[in-house]
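Here's the structure we're looking at; comments come further down.
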2 protein chains.
Amino acid sequence: MSKSSPNQTNVDAIVETIVYLYTESRRLTKGLARQFGLTGPQLTVIKLLEQFGDLSLSSLSDRIRANNSTVTGIIDRMERGELVQRERSASDRRMVLIRLTKKGRQLASQIEVEPMKLFRDALRSLPPAELDELFRILGRVQQNVLLGLTAQSGQNSGE
Amino acid sequence: MSKSSPNQTNVDAIVETIVYLYTESRRLTKGLARQFGLTGPQLTVIKLLEQFGDLSLSSLSDRIRANNSTVTGIIDRMERGELVQRERSASDRRMVLIRLTKKGRQLASQIEVEPMKLFRDALRSLPPAELDELFRILGRVQQNVLLGLTAQSGQNSGE
DNA sequence: GATAATTACTTCGTATGCGAAATATTCGCA
DNA sequence: TGCGAATATTTCGCATACGAAGTAATTATC
């Protein structure tokens, strides 16, 4: 157990905070969506469709970072609730375009809540300098992840 | 409605990055757990039990930030798989203590993977100064969130 | 221009994940 | 003591969420 370096403590706390922010934000969005008879993902979908117009199922999956099979289910239920409708693309008949119904569009325009609102609000209340700093550092973290972290054999200050 | 300010761009990017890191980390953990016949949450549970010893169901829920009803299901399946066992607490017979079985303990000792490993590795590769900075700023973000939450529960949000 | 490979989506089985209601136990308090 | 409030867990119904396998349509390859 040589996990007790100060760095490790920071890492633990940061991960803890991120998990907290993510799960809490989602929980809040879900609660707000519920006031309109929607679920969290459903709210996200109608806001995306409102913003970008008709989208294919897979581009929708990409944007909400979920599998096609997951989104198929979400759209099924939304179609049943008459929030959206499916339409085969004429140019490529494999594709299904998802379109807001009148009811869906009206609901979307009625709700101002953005996904992860809790988190966004907290970020906006930071001083601009810190926001920049956070943006810079997190970009770096993501870069490290993308680089495959196979370079981890060289790093390590703790163990 | 100041959606096009430079700050907004930062906020969007930060949220995007956090969501990416969170979901990707979880996906990776899940994949690693699968190599041992476990799911992501199951891996988290046996590692927690290994570290802290027997835990009540609700303290387990707190630690993994899930509802009791969710954890009940997870423990059900783990019990079926003989990874853990339930035992009523003698001091308070409402409580159920979750305990690793021999099989569960052996599996836990065999797996070195920590939850959110991808994320942790990326953090550890940051310069210590940036790690500190990140820790500080995120703490502030969380503080803001907590303030927002209590402010919200104190009043009926205008709708 | 037929066939293999690819792409877009759906279906199925299983595992979270949540909230509301039910049950069992303990605590608070008159 | 007794009884209502609080606490710990389970059960239920529903909505994600994923991966594997299946189907339909398009593209690539010869």
Side-chain angles (χ1 to χ4, degrees), chain A residues 19 22-46 54-81 83-98 115, chain B residues 19 22-35 37-45 54-81 83-98 115:
Chain A
V19 171
Y22 181 87
T23 56
E24 236 20 69
S25 282
R26 250 170 132 224
R27 205 163 305 199
L28 187 80
T29 299
K30 186 177 178 178
L32 289 167
R34 233 177 57 140
Q35 297 177 2
F36 296 88
L38 298 176
T39 64
Q42 287 175 4
L43 171 54
T44 305
V45 167
I46 68 172
D54 302 356
L55 290 174
S56 74
L57 190 132
S58 42
S59 63
L60 214 42
S61 311
D62 286 345
R63 281 184 210 271
I64 67 180
R65 273 179 211 296
N67 267 17
N68 282 345
S69 55
T70 299
V71 179
T72 292
I74 293 171
I75 298 301
D76 281 351
R77 288 178 289 274
M78 291 181 75
E79 206 173 17
R80 214 175 302 146
L83 297 167
V84 299
Q85 63 189 71
R86 282 178 164 91
E87 189 175 320
R88 283 277 162 198
S89 161
S91 60
D92 184 341
R93 297 193 45 70
R94 289 170 302 180
M95 285 206 305
V96 170
L97 295 176
I98 316 297
Chain B
V19 171
Y22 180 87
T23 57
E24 249 2 83
S25 283
R26 253 174 130 221
R27 205 165 308 206
L28 187 80
T29 300
K30 186 177 180 180
L32 289 166
R34 233 176 57 137
Q35 297 176 4
L38 299 176
T39 64
Q42 287 175 4
L43 171 54
T44 305
V45 167
D54 301 357
L55 289 174
S56 73
L57 190 131
S58 43
S59 64
L60 214 42
S61 312
D62 287 346
R63 280 184 210 272
I64 68 179
R65 273 179 211 296
N67 268 16
N68 283 345
S69 55
T70 299
V71 178
T72 292
I74 294 172
I75 298 301
D76 280 351
R77 289 178 289 273
M78 291 180 76
E79 207 173 17
R80 213 177 302 147
L83 297 166
V84 298
Q85 62 189 70
R86 281 178 165 92
E87 190 175 319
R88 282 276 162 199
S89 161
S91 61
D92 184 341
R93 297 192 46 70
R94 289 170 302 180
M95 286 207 304
V96 170
L97 294 177
I98 316 297

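Per chain, numbering begins at 1; letters A, B, ... match sequence-line order. Side chains are part of it too, since the values below use all heavy atoms of this structure and drop only hydrogens, waters and symmetry mates.
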Value in whole Å for how far the [atom2] atom of [N] lies from [atom1] of [X]:
X: Lys30(B); N: dG17(C); atom1: NZ; atom2: C1'; value: 13 Å
X: Arg65(B); N: dG17(C); atom1: CZ; atom2: P; value: 13 Å
X: Asp62(A); N: dC18(D); atom1: CG; atom2: P; value: 12 Å
X: Glu79(A); N: dA15(D); atom1: CD; atom2: P; value: 15 Å
X: Asn67(A); N: dT16(C); atom1: CG; atom2: P; value: 16 Å
X: Leu60(A); N: dT16(D); atom1: CG; atom2: P; value: 12 Å
X: Ile74(A); N: dG17(C); atom1: CD1; atom2: P; value: 15 Å
X: Gln35(A); N: dG19(C); atom1: CD; atom2: C1'; value: 15 Å

Please identify each residue that fulfils side chain to side chain donor-acceptor pair (under 3.5 Å) with [X], with sequence neighbours left out.
X: Gln85(B); result: none
X: Ser69(B); result: none
X: Asp62(A); result: none

Check every strand shown and say whether Arg27(B) touches a base, only sugar-phosphate, or nothing at a heavy-atom separation below 4.0 Å.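 Touches sugar-phosphate only.
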
Quick one: does Arg86(B)'s side chain get under 4.5 Å of Leu97(B)'s, heavy atoms only?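 Side-chain contact under 4.5 Å: no.
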
Flag side-chain contact, heavy atom, 4.5 Å: Arg63(A) against Leu55(A):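 The answer is yes; the side chains approach within 4.5 Å.
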
List the residues meeting salt bridge (charged side-chain N to carboxylate O under 4.0 Å, His left out) with Arg88(A), not counting sequence neighbours, and say none if there are none.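 Once residues adjacent in sequence are excluded, Arg88(A) has no partner under the salt bridge (charged side-chain N to carboxylate O under 4.0 Å, His left out) criterion.
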
Given Leu38(A) and Leu83(A), is the side-chain contact (heavy atoms from CB on, under 4.5 Å) satisfied, shown in steps? CA-CA 10 Å; Leu38(A) 298 176; Leu83(A) 297 167; 3.5 Å; yes

Could you tell me, to 10°, how much the axis swings from one end of the helix from dG1(C)-dC30(D) to dA30(C)-dT1(D) to the other, five pairs per end?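 Angle reported: 20°, given to the nearest ten degrees.
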
If you assign each of Gln42(A) and Arg93(A) to its closest nucleotide in DNA chain D, which residue comes earlier from the 5' end?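 Upstream on the strand: Gln42(A).
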
Given dA15(C), is OP1 or OP2 found less than 4.0 Å from the side-chain N or O atoms of Arg34(B)?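 Checking Arg34(B) against dA15(C): no side-chain N or O falls below 4.0 Å of OP1 or OP2.
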
Is Thr39(B) near enough to dT14(C) that one of its side-chain N or O atoms lies under 4.0 angstrom from OP1 or OP2?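 Thr39(B) to dT14(C) OP1/OP2: no side-chain N or O under 4.0 Å.
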
Contact list (N/O, under 3.5 angstrom) for nucleotides 6-10 of chain D vs protein:
| residue | atom | partner | partner atom | Å |
| --- | --- | --- | --- | --- |
| dT7(D) | O4' | Arg94(B) | NH1 | 3.4 |
| dT7(D) | O2 | Arg94(B) | NH1 | 3.0 |
| dT9(D) | OP1 | Leu57(B) | N | 3.4 |
| dT9(D) | OP1 | Val96(B) | N | 2.8 |
| dT9(D) | OP1 | Val96(B) | O | 3.2 |
| dT9(D) | OP2 | Ser58(B) | N | 2.7 |
| dT9(D) | OP2 | Ser58(B) | OG | 2.3 |
| dT10(D) | OP1 | Arg86(B) | NE | 2.7 |
| dT10(D) | OP1 | Arg86(B) | NH2 | 3.3 |
| dT10(D) | OP2 | Thr72(B) | OG1 | 2.9 |

With no hydrogens and no angle check, do the side chains of Ser61(A) and Asn68(A) hold a donor and an acceptor under 3.5 Å apart?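 Side chains of Ser61(A) and Asn68(A): pair found under 3.5 Å.
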
Interatomic distance, Ile46(A) atom CD1 to Ile98(A) atom CD1 [nearest 0.5 angstrom]: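 Between Ile46(A) CD1 and Ile98(A) CD1, I get 14.0 Å after rounding to 0.5 Å.
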
